[in-house]
Amino acid sequence: MRAIRLIMQRELAQYFSSPLAYLIAGAFLLLTGVTFYSDLNFSLGVRPVEPALIPNLLAQVMIVFAPLLTMRLLSEENREGTMELLLTAPVSDGNIVFGKFLSAWAYYTFILLLTLLYQFILVNIALPDISHTIAAYLGIWMYGGAALAVGLLFSATTENQILAAFMATIALLLLYYGDSLGRVVASADLAYILFNLTLQGHYAASFAIGAVRAEDIVYYAGLIVVALFIAIRVIESKRWR
Amino acid sequence: MGSFIGGTGLLLGSLGFIWQGGMTPYIALLLGIGIGGLLLWAFMTPDDFKAFFTGRQARQSTLAIFSTLLLVGVVSLAYIMVQRENIVADATVDGLFSLSETTLNVLRAAERTAQKIEITGFYYHYQIARREIDDSYFQLYVAETNGHIYTRYVNPVEEPGFSDRYMDAIDQDYNVFISFVDDNGDIIPTTTIPVEITGTQESDITRALSQLLVAGSYKVYFEVGLETPDPISNAANGLSLANNYLRANGYITEPLNLPGIAAVGGDIPQDASAVVLAQPRRRLSEAEIAVIDRYLKNGGALYIGADTFFTNEVFMGNNDPFNQYLWDNYGLRMTEYIVVDPTSSGQTELDVLSAVVFGENSIAANINKEGNPNSATQFRLARAVEVNDTPPVTNGRVIMSSEASWGETDLVALSTRNEYQFNADADIRGPLTLVAWARDEATNAKIILLGDGEFLTNGQIISTEGNLSLLLDGIGWMTGFAEKVEFTPRGYLVTPVLFVGSEQRDIIAFITVVLMPGVMFIAAVAVYLRRLRQ
Amino acid sequence: MIEVKNLVKRYGTFSAVNNISFEAAPGEIVGLLGPNGAGKTTTMRILTGFMPPSEGSVKVEGFDVLENSMEVRRRVGYMPERVPVYLDMTVHGYLTFWAKLRGMKQPNTQVNQMLERFSLGDRRNKLVRSLSKGLRQRLGLAQALVHNPPVVILDEPTIGIDPQQVIEVRETVRALRENHTVLFSSHILSEVEQVCDRVIIIHKGKIMASGTPQQLAKKYKPGVHLYVSLSGRSQSEIRALLESLPKVDNVREQAAGFVLSSRTDADLRADVSSIIAKHQLTLLEMRLVEVTLEDIFLNIVDKR
């Protein structure tokens, strides 16, 4: 636990001491801010605001955003050779991976919390469906965790950050749009299975419309656990090579 | 690389196997890819492959792969178990995922039916996301009735034979149907009710479900003996269109010959939930009035479309005994004024649109809806209805013309020269009543009196949404059908539409688009400068 | 305390380390000597718990690296060949991180001590990114020692730094002798000779020789070696004269003179003096030659 905390703290300090993290956060807030404001203008006097607006946007943005956050976590250690020191410290491989993951998730949570300001504005000017919004945020939080875990997995496989980000983006694209493969084969059963394997399949049809389904939480938690487990095995395999 | 493809293929294959609980072509394909990848690996790099299976390294690698597979299996199993449980928490303020009291009552009734009820959903393979959203609602019904209501999803591409009958509806975005099924599990086609999914799924489904339940239990008779148009002919014009709409909404319709009944001293059938008098062209005889009186005293309902005819003996004219009968017993009667409305009208000032509607009951519930001009009713050459404000029974108005309207009394000028002009001495100032209702609490007799009959018979009931609503909701109110089916739509119940002043909007724009990202960018620069110094 | 028995490490079919056994006691500095690719780094990585051995047993402070990996890792300080650092941390933060990660609860005193010892105190709040190669090397050493481990493993600690810094590093390593078991690898022979108590020469994954530098010299270059530089006759005549001396087994040209070797411990100087007197030669230089590891190493590697 101590090791996880130490590694997580170090990574978080790394995030917050590098200008890149703030640039990413700034770009992110600009995107959500513009979306929020234009949606606000659009719905004025026409309809209530969409409670899951920001989370819905994030569902797509995370495809690019998650690899950016995670690409350097393990690949940099591999490239700089610090992985060798980490692996000879009295810390299990799982602790390393988990600490790294938690730091990325914590940073993501921080940005997510920043966007709650929009909800705060809404509460002050209208009566938004706050619980629906909270459900959507819960969903996108889990969703983001899963996307970050996938990004981390690819960061573990290579020394090249760009390659890690690239592969993670492709993997996330597949995980997001994988269900469109079902369109090609014209089978609803297969499309259903693919849909339920995709990230959006467990967000768009539940959290986004205000329903918290236990199966979706299990899906995201399961994806996190599996991706981290494989990442640990990948790290472990470096010892054997 | 081969090992990677192989491992992934095997993994996905086994996952699919666990998921589906059986062998399907796709899973076989995945497993094939997996084995192919492993063979490729063994073939391309034999040394690597051999080393993989010998020594400590092999133990470790196999352990890693099998533990991963095991973990994936456990996670999948947990997922499937949880999925079967269908545990859903409703997070919306409007309770979109909780069945309302109304729905629960309908479901109690549904559970008692002899046959099971099938929700048949047609979704193409590229509409899975939509299907999943709808499914989360359908599952509420399935769970609540312990499977008495069940779902069946059909991909029109995969089952063209079954879908054929529904294709017309599917093309018009009606892709969900509710039907009773027989003992063999086959749909009973005559009971099928299409469901319009509008985004407030619960009300859509429940309304259709109640239609299914009450379908066939209400009979509406069209009077055909008073020189009224034939309602039953299948020609797609005139009154038969109105008739077809009623049938499509679950009513049984029959013709009724009032003079015939009166001639033999008989009665209107007991099962008549309502009788429609659409544009009668002659006056009723005393015997016919007696038949109607007996029917009303027995709790009957009368939907009267009294139209304008430039004859002396017009139906419900000034000295028509039936007019007097309704006035005495129900506080409603027809005048002979033609309503002219300069402000609320269609092509001419004689095409009167509904200016004011009253919401005491459900008759006008779907008329003059906000943002939908087509939901106004439109009467051509309408007569004004007179409502007794101290009536013998409860009564009231449904639709009125605007303040600027008047009742034209110079029918000669109107009929011969098409001239109409407000004459303060003779004409009656608006607003005038176009449609009124009455209800006798003691006998449960119900009457809707309309100053126009033509709207039922001119075949334009399709294009004028308001007129159709007036028919369906009027009949619904009279038969009680509406009360059984009526379901408060759930949309924007609690969360209201947003209004923000422009000044406030500028502040919001500044905070969200400039301030928040700006702070982050400034922080980025600050951190960069600090790092330069270090 | 390091015990290595019959260690084998295979990568696929290639054996990087092939049946190595050795020990290192506390207070001893052991040098691993060998050319690049001899298996030094692999051996060290196994000792630190970075990678597991294919065969054989490796114990550090009595703990097996396979079975008690964590205990081993807690007791080892390791500086890899590349001296990896986190560029975006401060010097102080970097040391504190490793100290904490290796189990120290209150590492501040220890960290400060290390900073002083390696003269990094004035740079404690600088980013590692700004340090020169030599300073990073010091930081790497401090990192390996910050948790005061009984066993210190340094992989080529003097590679790629300037001579002044090399001397500093060597002194530092020598000073570790008192409290630590030190394993030190290098491909620079003179360095090992200067620093280590004991040398293990490995080549192609096998131990070629081991012992103190003196023992190795005795074993692989026994006898007395004398350098003489004479004038008065032609070089070839001088060479013939020297070779005629009975106690001299070998004459080798070196610089402006010759190296005379004898397998016995006999003193050759008297014999040389007699030749000078007899043939009226002029003595330019005469001194005893020390045997270097380089000689031994070349000797061993050439033989195989």
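So you know, we letter chains A, B, ... as the sequences are listed, proteins then strands, and number each from 1.
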With a 4.5 angstrom heavy-atom cut-off, is it the side chain or the backbone of V85(C) that approaches chain A, or both, or neither?
backbone

Is the side chain of R2(A) donor-acceptor paired with the backbone N or O of K100(C) at a distance under 3.5 Å, no angle test?
yes

Value rounded to 0.5 Å, distance of CG in D155(C) from CD in E84(A)
7.5 Å

Strictly distance-based, threshold 3.5 Å: is any side-chain N or O of R73(C) a donor or acceptor partner for the main-chain N or O of T88(A)?
no

Can you give me the closest heavy-atom contact between F50(C) and L87(A), atom names plus distance?
CE1-CD1, 3.4 Å

Max heavy-atom pairs within cutoff under 4.5 Å with chain C, candidates I7(A), N95(A), L85(A), L86(A), goes to L85(A)

May I ask you to check whether over 12 heavy atoms, not counting those of F166(A), lie within 6.0 Å of atom CZ?
no

Distance col, row T96(C):OG1 vs R10(A):CZ, nearest 0.5 angstrom, shows 12.5 Å

With respect to chain A, which residue among E71(C), H147(C), M89(C) yields the maximal number of heavy-atom pairs within a distance under 4.5 Å?
M89(C)

Name the region of Q14(A), side chain, backbone, both or neither, that has any atom closer than 4.5 Å to a heavy atom of chain C.
side chain

Any chance you could measure R79(A), atom CZ, to R82(C), atom CZ, to the nearest 0.5 Å?
9.0 Å

Top contributor to chain C interface from S92(A), S17(A), P90(A) [non-hydrogen pairs under 4.5 Å]:
P90(A)

Residue part contacting chain C, namely of Q9(A), when any heavy atom lies under 4.5 Å:
neither

Can you establish whether the number of heavy atoms outside R177(C) located under 6.0 Å from its atom CZ is more than 12?
yes

Whatever's closer than 4.5 Å to a heavy atom in chain A on Q143(C) counts as side chain

Quick check on R75(C) against chain A: is it the side chain, the backbone, both or neither that has a heavy atom closer than 4.5 Å?
neither

Bottom line for R102(C): the part with an atom under 4.5 Å from chain A's heavy atoms is both

If I measure from the heavy atoms of chain C, does R5(A) come under 4.5 Å with its side chain, its backbone, both, or neither?
neither

Determine the option with the most heavy-atom pairs under 4.5 angstrom with chain A, choosing from M79(C), R74(C), E81(C).
R74(C)

More than 12 foreign heavy atoms under 6.0 Å from CZ of F118(C): is that the case here?
yes

